[in-house]
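The block underneath contains the structure these notes are about, expressed in structure tokens.
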2 protein chains.
Amino acid sequence: MPPSSPKATMHDVSRLAGVSKMTVSRVLADPDLVSESTRNRVMKAIEQLSYVPDRVAGSLSSRRTNFITAILPTLTNSNFADTAQGLAEAMRPADYQLLIGYTMYRLEEEERIIRAMLARRPDAIVVAGTTHTKAANEMMLRAGIPIVEIWDTPEHPIDHAVGFSNYEVGRAAALHLLALGHRRIGALGSRMDSDAKDLRGESRLAGFTSVLREAGLSDELVIRAGQAPVSYDHGALTLGILLEQAPEVEAVFAVSDISAVGALMECHRRGIKVPGDLSLMGFGDFDIARQCVPAITTIRIDAEQIGRRTGELLLQVLDRSSARECAPAAAVNVGFELVTRGTTAPAAKPR
Amino acid sequence: MPPSSPKATMHDVSRLAGVSKMTVSRVLADPDLVSESTRNRVMKAIEQLSYVPDRVAGSLSSRRTNFITAILPTLTNSNFADTAQGLAEAMRPADYQLLIGYTMYRLEEEERIIRAMLARRPDAIVVAGTTHTKAANEMMLRAGIPIVEIWDTPEHPIDHAVGFSNYEVGRAAALHLLALGHRRIGALGSRMDSDAKDLRGESRLAGFTSVLREAGLSDELVIRAGQAPVSYDHGALTLGILLEQAPEVEAVFAVSDISAVGALMECHRRGIKVPGDLSLMGFGDFDIARQCVPAITTIRIDAEQIGRRTGELLLQVLDRSSARECAPAAAVNVGFELVTRGTTAPAAKPR
DNA sequence: CTGAAAGCGCTTACAG
DNA sequence: CTGAAAGCGCTTACAG
């Protein structure tokens, strides 16, 4: 450990500058309230002592930590990292610090994290998803701070929400494949019988399935295998399962571009032509989906924007002046967009 | 905002349980010190009031926050997210919370973040890289807490270090391509004349170049273009520049698998055979490199392990009992491994 | 095994 | 424009 020099306190600064602690505090918080000469003297003392204000003490005193808790499933191989970055970016000018927790798609872990985070007294909680354990729901309701559920459109929001309808994403995907004339249509998702559940992926599958049913098609080619979070391997694996079950499948929707890329690579390895033999589409508009050869048809959502919009919403809600009154709960739908690229094509023989 | 119920304090709990605050504190911190009957009464009161201890107050009082600051270039399209996850995982049992900052590969931003983070009084700082601004170096030296520089092997470490030699990685890459019989060898890196600098990528290029020189080869095919952080687009772009400059190039090393994948896709689009026309290798052993067709030869580093090892080291150093004495600074080299896969092959006509 | 006192380093709310 | 007092909710260090 490097040599520890005793940390200067506000008291030390005030003595050196010949003022009270309050004046030092004011110079830091609201410099205009202090006369120029005093301010300069205090600044000099701060500089001289390399004084760094202790925000732990400040937080206790002011009952505001400027911490925002962000609870996300994972940061690897997902666009939640973009959401986190967007949120951090939006909150930075106001000097908020993110407290990130990973649930690994486990609701019990989410509950544990919420409990632990509340002890840090965050000024707000951002949480991915709209389904939580009973205890988690209650803790958030009682917390007395703004809550933002993101990445979906909750039916019964706890408070605010910023996201899009995963169900509608699934429907849009199925409608696209149907419109191309495909009839033997499958999908690739992850297991729902494990502790780790991708609930939003499941919503997309549900929307997808609903369209298949309405079109009088079977949903038996909707594969749920492999554990969340999905991966390139997941796509390769589940495509293999699908092909074994139905070699004649014409079109496939993967719940994530990551899976779609894995499936595409598996097709390359097996000599299956995409498109032609198989139409393939994903979700998320990951960079890799755009760069793949062929580029993958996907449903674009702006993960960073979800973070940014959430940050802007919170900035507004947490603003001291407006915080007096309970701000009305906002529900922002950022929507999504079908991006047609090279992996989907009309069916060879439309019936 | 959900209805705010006034938060119970330790004082409330103590009154309800008919004990002193100290006893409540003990039940939470070291239950064995309290008699069973008292403990049960306190637990019941905690439950009844939904009491959540205030760690802001606890931190101020104990002079320990259980925060670890992790300063990383970016979390997107990189394996720093794995390092963060590994670190978080390792520290979780001891109830540490990560405070993550993104520098976007800018040293001035790193300095700003360090300054801001120090006000949060973290118990340790983990920072990617070994080059910092003068002010940043001084702040870390004076902070009086353990510092761990990760992802490289510093010549003059501030304190602890956990990483591998990027320079040696570059050398290993060049030696591999030379051993295959290639002579017209290039590399793909990012610009060094911008604010955002990938210094570790540059170290890899430096090692790579040193081998080329030793072999009597030119380093004019070492391309530095595009801004850090690298991306799939970066790989496609820089490969295009390289091909324009030297259509006869035989082998290429990209400073990141992400770039290598982008370059590979660009080759697919241009009808360049990999390997055959061009040997290609990357760095990092990203999932996508393994799944690509063909799979990309790379230099494997275990990003998650860097995080885990760092966490274990910190747990040891931060241990109360040993913290008395200054723990000797540790320098852990986690090494790396060349993984030969499908994108590199012997030169067609070895000279 | 339990508790009373002091204090961590700030900010709030007044007062002048 | 500046300051004295009180207090935020815990833990430390004693004492018994």
Side-chain angles (χ1 to χ4, degrees), chain A residues 6-43 45-46 49-67 95 118-123 144 320 323-324, chain B residues 6-43 45-46 49-67 95 118-123 144 320 323-324:
Chain A
K7 235 160 275 173
T9 67
M10 190 172 272
H11 180 72
D12 300 330
V13 175
S14 73
R15 274 194 321 183
L16 183 58
V19 295
S20 72
K21 284 192 303 175
M22 252 333 289
T23 300
V24 179
S25 180
R26 280 200 194 91
V27 168
L28 260 19
D30 208 341
D32 293 339
L33 260 47
V34 179
S35 77
E36 200 183 323
S37 67
T38 312
R39 196 193 318 148
N40 288 146
R41 232 171 336 124
V42 171
M43 301 278 261
I46 287 175
L49 296 171
S50 301
Y51 170 64
V52 180
D54 186 334
R55 299 192 65 175
V56 179
S59 296
L60 176 62
S61 195
S62 68
R63 319 271 46 219
R64 282 187 127 234
T65 56
N66 273 33
F67 282 131
D95 203 26
L118 282 176
R120 302 289 193 176
R121 299 294 189 261
D123 292 342
R320 279 198 128 84
R324 299 280 155 82
Chain B
K7 235 159 277 176
T9 68
M10 190 172 271
H11 181 72
D12 299 331
V13 175
S14 73
R15 274 195 320 183
L16 183 57
V19 296
S20 73
K21 283 193 303 175
M22 252 332 289
T23 300
V24 178
S25 181
R26 280 201 194 91
V27 168
L28 260 20
D30 208 340
D32 293 339
L33 261 46
V34 179
S35 76
E36 200 183 324
S37 68
T38 312
R39 196 193 319 149
N40 287 146
R41 233 172 334 126
V42 171
M43 300 279 259
I46 287 175
L49 296 171
S50 302
Y51 170 64
V52 181
D54 186 333
R55 298 191 66 175
V56 179
S59 296
L60 177 61
S61 195
S62 68
R63 319 268 50 217
R64 281 186 129 234
T65 56
N66 273 35
F67 282 130
D95 204 25
L118 283 175
R120 301 290 193 177
R121 298 295 191 260
D123 292 341
R320 280 199 128 85
R324 301 279 156 80

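In what follows, every chain begins at residue 1, and chains take the letters A, B, ... in the order their sequences are listed.
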> Using a cut-off of 4.0 Å on non-hydrogen atoms, how would the nucleic acid contact of B:Thr38 be classed: base, sugar-phosphate, or nothing?
Replying inline: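 Sugar-phosphate: the residue B:Thr38, judged by heavy atoms under 4.0 Å, touches backbone atoms but no base.
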>> Using a heavy-atom cut-off of 4.0 Å across all strands, would you classify A:Val56 as base, sugar-phosphate, or nothing?
In response: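 Result for A:Val56 = nothing.
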>> Both A:Pro53 and B:Asp32 contact DNA chain C. Which one's nearest nucleotide lies toward the 5' end?
In response: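 In this pair, the answer is B:Asp32.
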> Relative to the 5' end of DNA chain C, which residue comes earlier, B:Ala57 or B:Gly18, by the nucleotide with the nearest heavy atom?
Replying inline: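 The answer here is B:Gly18.
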Can you see if the side chain of [X] gets near the phosphate of [N] - specifically, an N or O under 4.0 Å from OP1 or OP2?
X       : N      : result
B:Thr23 : C:dT2  : no
B:Ser35 : C:dT2  : yes
A:Ser25 : C:dT11 : yes

Nearest listed nucleotide, side chain of [X], among [options]:
X       : options               : answer
A:Ser61 : D:dC10, D:dG7, C:dA5  : D:dG7
A:Met22 : C:dT11, C:dC10, D:dG9 : C:dT11
A:Ser20 : D:dG3, D:dG9, C:dT11  : D:dG3
B:Tyr51 : D:dC10, C:dC10, D:dG9 : D:dC10
B:Arg26 : D:dT2, D:dA13, C:dT12 : D:dA13

Whole-Å gap separating [atom2] ([N]) and [atom1] ([X]):
X        : N      : atom1 : atom2 : value
B:Arg121 : D:dC10 : CZ    : P     : 21 Å
B:Arg64  : D:dG9  : CZ    : C1'   : 19 Å
A:Asp54  : C:dC10 : CG    : P     : 5 Å
A:Arg15  : D:dG3  : CZ    : P     : 15 Å
A:Met10  : D:dG7  : CE    : P     : 20 Å
A:Asp30  : C:dT12 : CG    : P     : 11 Å
B:Asn66  : D:dC10 : CG    : P     : 16 Å

> With both distances kept under 3.5 Å, what pairs with C:dG3, Watson-Crick or G-U wobble?
Replying inline: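 With both distances under 3.5 Å, C:dG3 matches D:dC14.
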>> Any heavy-atom pair between the side chains of B:Leu16 and B:Tyr51 that's under 4.5 Å?
In response: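 Not touching, per the 4.5 Å side-chain cut-off.
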> Given B:Val52 and A:Arg121, is the side-chain contact (heavy atoms from CB on, under 4.5 Å) satisfied, shown in steps?
Replying inline: CA-CA 9 Å; B:Val52 181; A:Arg121 299 294 189 261; 3.8 Å; yes
>> Please determine whether side-chain contact (heavy atoms from CB on, under 4.5 Å) holds for the pair B:Val27 and B:Val24, giving the CA-CA distance in whole Å, both sets of side-chain angles, and the decisive distance to 0.1 Å.
In response: CA-CA 5 Å; B:Val27 168; B:Val24 178; 5.6 Å; no
>> For A:Ala57, is there any backbone N or O sitting under 3.5 Å from a side-chain donor or acceptor partner on A:Asp54?
In response: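 Pair found, side chain donor or acceptor close to backbone of A:Ala57.
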>> Tell me the closest heavy-atom pair linking A:Asn66 and B:Arg120, and the distance in Å.
In response: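 Heavy atoms of A:Asn66 and B:Arg120 come nearest at O-NH2, 3.2 Å.
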